[in-house]
> 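Supplied in structure tokens, the structure appears directly below.
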Amino acid sequence: MRINRIQNQTIELVENNESTEIDLSLMDSLITKLKSKHGNLIPLLQGVQSIYGFIPKEAFTKLNTEVGLELSSMYGVATFYSQFRLNPVGKHIIKVCHGTACHVQDASKITTALMDTLKINDGETTEDNMFTLESVACLGCCSLAPVMMIGDETYGKLTNKSSSKVLKNIKIQESKANKK
Amino acid sequence: MKKQIIVGLGSCGIAAGASKVYDKINDIIIAENLDVELKQTSCIGMCYKEPLVEIIDNNGRFLYGDISVDKVMDLMDSHIQNHEPIKELVVDSDMFDGSEKAYFDGQVKIALRNCGYIDPECIEEAEEHKAYKALKMIVAKPITCDEVIQTIIDSGLRGRGGGGFPTGLKWRFARNNMSKQKYIICNADEGDPGAFMDRSLLEGDPHAIIEGMIIGAHAICATSGIIYCRAEYPLAIKRLNIALEQARNRGYLGRDILGVKGFNLDIQVKEGAGAFVCGEETALIASVEGKRGMPRKRPPFPAESGLWKSPTNINNVETLANIPYIILNGADAYNKYGTDKSKGTKVFALTGKIKHGGLVEVPMGISIREVIFGLGGGIQDDKKFKAVQLGGPSGGCIPEHLIDIPIDYESVNSTGAIMGSGGMVVMDESTCMVDMARFFLAFTQDESCGKCTFCRIGTKRMLEILTRITEGKGKEGDIEQLEELSEQIQDASLCGLGQTAPNPVLTTLKYFRHEYEAHINDHKCPAKNCKALLTYEIIPDMCTGCTVCAIKCPTNTITGEKKEVHFIEQEGCIQCGECYSRCNFDAIKIY
């Protein structure tokens, strides 16, 4: 039920409230572009999320004062659709597909293997803010099941080993980039 | 002629490594200074042979399968430099029979006519393959709105999103409602887990869908178009936007289309935000309006009062892709395929435990057996076929004894499943049907919008019961309670999601009741899938005492000395299966 999501998100929202500082001026061009458009609520929230990776509380307030959208309807929409997040996420979001085809090919094994490698639970973010692990409905690459998506890259025909290897490679690339 | 190399760059091809293949070929062309044209196309439907590379030269076309990066060098050397095709890698060719000829021969491609044959980001190529020709014909003759609608009615085309409502009639309703502002919407919110027909079409031939929408807009006099596409399909959205821009530049969209005064239409892409229920028409409209995607009562139907209270017509991607073909070739060219009540062709996404997973388009009326064992090549690892799941979370499982039924709306419905949008998930003997039902219920339970009480709470209660059964805690009366809840949810839900949510449970109960009973009464999972119900034991005769299982056991419940028979203490076993997968001597049995 979608109501479950509201509960989960509210609790975490309170916890994470103070820690982040957010540059709200990044939203200005988005607001100018969509302000007067019919049915702009979802595109606005999508735009905000693509800027910050999630929808910060302050962004809701800004949309309320500058566009005139009601807080309650924005919050209603943000908790209804699975795309929207109210909490910060890791740099890389790992979406493990749990569609039918992937389920039949044992996608839960992949999630378990990734949970072991990252030492987090499904839906959580690693301490270094590098990875967020998510289970998602079908990614539409069913013939390559089981599948996961990191960023815009899709990885197919996964095994426990190969999925952990993908993460290792990303970690190596990240540490190389840091050294430079 | 100049040799052409075409790499299949659909989402699944890219996931299989096609981008790297493309880059490598490009590097070789530059390094060797070859006189070759390198192009991209999208999914040809043969996902099990990805990455696919096609070479066209003076001798004809050669489609190569399974071209990983390490094979690129050989392929370039042999075929491009020395003009010698590598025959064993060719899956299809017009020179000789490739290994996968049967996969293509069994299909009739109408909706997928251009997928995998054109560069989806190049409008000139699409036009060479007859894109916008039907539209030009309508404008040139001219063909009136009513004639267009009549042709679609005559063709027998029915909504391919799953509902199966005659498309022509739907258009007529929208046409008959007079209003200054009307909308045509393309439903590309393909949410069924296990289905990817629409994604392939959007990625492979976006112009077909746009042209279908323009023709639809002409027929119902719509002035504004929206493509509601899943955000999970970034490549599809990118290619749609490219295609729309190209169509605007060519005058297929905008004001006075192709010079016809007053024929105005523009199309926008709206990204969905991830809610399965938005596949339902009224929920989709609410979502476009920026609200929570909750369905509302019908009537009024969208054809009378839809988006922003204006008459609105919503068609599925595959439905729209068929439209230009029907207009161009006539209703008879389409309705010569199919059965009495189900005309034309249908695209299916073949997935699960099948050898040749991919996208196939077959004439209606073909049997399920022909699709799975003919085109699909049978079951992976030659295991025993158990059931096929049609119609996603709203559909049902069709068992082996019914797989000779023809695929048409009525026959599929008679089994308790539905045609759905075209997902076909094949299951073998190792798939537990109770677990399958639980999986789908978990999906619908999560996706229920919460408006109707029975859908919101009923699915939750059903999921609890199913979870209990798969954990070995099922009790007498559970099956009866599932049946009772199913009936109530079907009766008391407003939209298709709730009305069909119990289908996976009902069909598995109908055809695989013994599996439920085995779980509840004997505490056994016949498919050996439900972990809590498994017992692992070491076969003394087979055990060599290699100690691998004991080392790997996370709970240290395997005892035994080196080179002596080992033993699993059942009390500590958590049924993780680690010993079973690690044993090199098949010395562990599950029962």
Side-chain angles (χ1 to χ4, degrees), chain A residues 1-6 37-47 49-50 69 73-84 95 97-109 112 135-145 147-149 151-158 160, chain B residues 11-12 14-16 47-48 50 190-196 198-200 230-235 270-276 287-294 308 349-353 357-359 389 392-393 423 425-427 431 436 439-440 443 445-450 456-457 459-460:
Chain A
M1 229 179 317
R2 284 171 181 268
I3 286 168
N4 294 343
R5 287 185 200 143
I6 302 177
K37 287 216 170 132
H38 232 19
N40 56 7
L41 200 159
I42 293 177
L44 274 170
L45 293 182
Q46 284 171 331
Q49 180 155 300
S50 71
L69 294 167
S73 43
M74 280 189 285
Y75 188 66
V77 165
T79 47
F80 183 85
Y81 295 99
S82 57
Q83 185 189 19
F84 296 119
K95 295 179 181 169
C97 178
H98 282 257
T100 320
C102 290
H103 178 77
V104 173
Q105 302 282 17
D106 217 352
S108 49
K109 242 186 191 170
T112 319
S135 294
V136 295
C138 196
L139 291 171
C141 296
C142 308
S143 48
L144 297 170
V147 177
M148 70 175 172
M149 199 168 172
D152 279 339
E153 189 105 359
T154 316
Y155 302 88
K157 294 194 176 160
L158 294 172
N160 293 1
Chain B
S11 273
C12 34
I14 293 172
C47 306
Y48 63 101
E50 297 277 9
E190 186 177 48
D192 273 19
F196 54 94
D198 296 351
R199 176 182 61 74
S200 291
R230 282 183 89 192
E232 284 92 336
Y233 291 173
L235 187 63
K270 278 256 182 191
E271 273 183 51
F276 177 65
S287 179
V288 174
E289 290 177 350
K291 299 181 200 141
R292 292 163 71 95
M294 290 168 118
W308 309 118
L350 275 178
T351 59
K353 305 275 175 94
L359 215 57
Q389 216 281 347
V425 185
V426 177
M427 298 161 204
T431 315
M436 230 31 234
F439 168 78
F440 282 116
F443 181 81
Q445 193 271 148
D446 188 47
E447 292 295 339
S448 167
C449 79
R456 182 179 72 241
I457 300 171
T459 53
K460 191 167 176 68

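To find a chain, count down the sequence lines: A is the first, B the second, and so on, and within it residues start at 1.
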> Check each atom of A/M149 against the heavy atoms of chain B and say whether the ones under 4.5 Å are side chain, backbone, both or neither.
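Side chain only.
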> Strictly distance-based, threshold 3.5 Å: is any side-chain N or O of A/Q83 a donor or acceptor partner for the main-chain N or O of B/A231?
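Pair absent, no side-chain N/O of A/Q83 close to backbone of B/A231.
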> Counting heavy-atom pairs closer than 4.5 Å to chain A, which one of B/M436, B/M427, B/K353 comes out on top?
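Counting heavy-atom pairs under 4.5 Å, the top option is B/K353.
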> Output the option from B/Y233, B/F443, B/W308 having the highest count of non-hydrogen pairs under 4.5 Å with chain A.
B/W308
> Would you confirm whether A/Q105, through its side chain, and B/G352, through its main-chain N or O, come within 3.5 Å as a donor-acceptor pair?
yes
> Can you tell me how far CZ of B/F196 sits from CG of A/L144, rounded to the nearest 0.5 angstrom?
8.5 Å
> Do A/E153 and B/I14 come within less than 4.5 Å of each other through their side chains, counting heavy atoms only?
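The answer is no, as the side chains (C-beta and beyond) never meet within the 4.5 Å cut-off.
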> Given the options B/S200, B/P234, B/S287, which has more heavy-atom pairs under 4.5 Å with chain A than any of the others?
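Maximum pair count with chain A is reached by B/S287.
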> Top residue by heavy-atom pair count (under 4.5 Å) with chain A, among B/E232, B/K291, B/E190, B/E289?
B/K291
> With chain B as the partner, which of A/L41, A/T100, A/L45, A/T154 has the greatest number of non-hydrogen pairs under 4.5 Å?
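Among the listed options, the one with the most contacts to chain B is A/T100.
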> Is there a side-chain contact between A/V104 and B/F439 (heavy atoms, below 4.5 Å)?
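SC-SC contact between A/V104 and B/F439 ruled out.
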> I want to check something: taking the side chain as every heavy atom from C-beta on, are B/K270 and A/I42 in contact at a cut-off of under 4.5 Å?
no
> So which part of B/V425 gets closer than 4.5 Å to some heavy atom of chain A, the side chain, the backbone, both or neither?
side chain
> With a 4.5 angstrom heavy-atom cut-off, which part of B/D198 approaches chain A: side chain, backbone, both or neither?
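Neither part, no heavy atoms under 4.5 Å.
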> Does A/Y81 reach the main-chain N or O of B/G293 with its side chain, forming a donor-acceptor pair under 3.5 Å?
yes
> Short question: side chain of B/R292, backbone of A/V77 - any donor-acceptor pair under 3.5 Å?
no
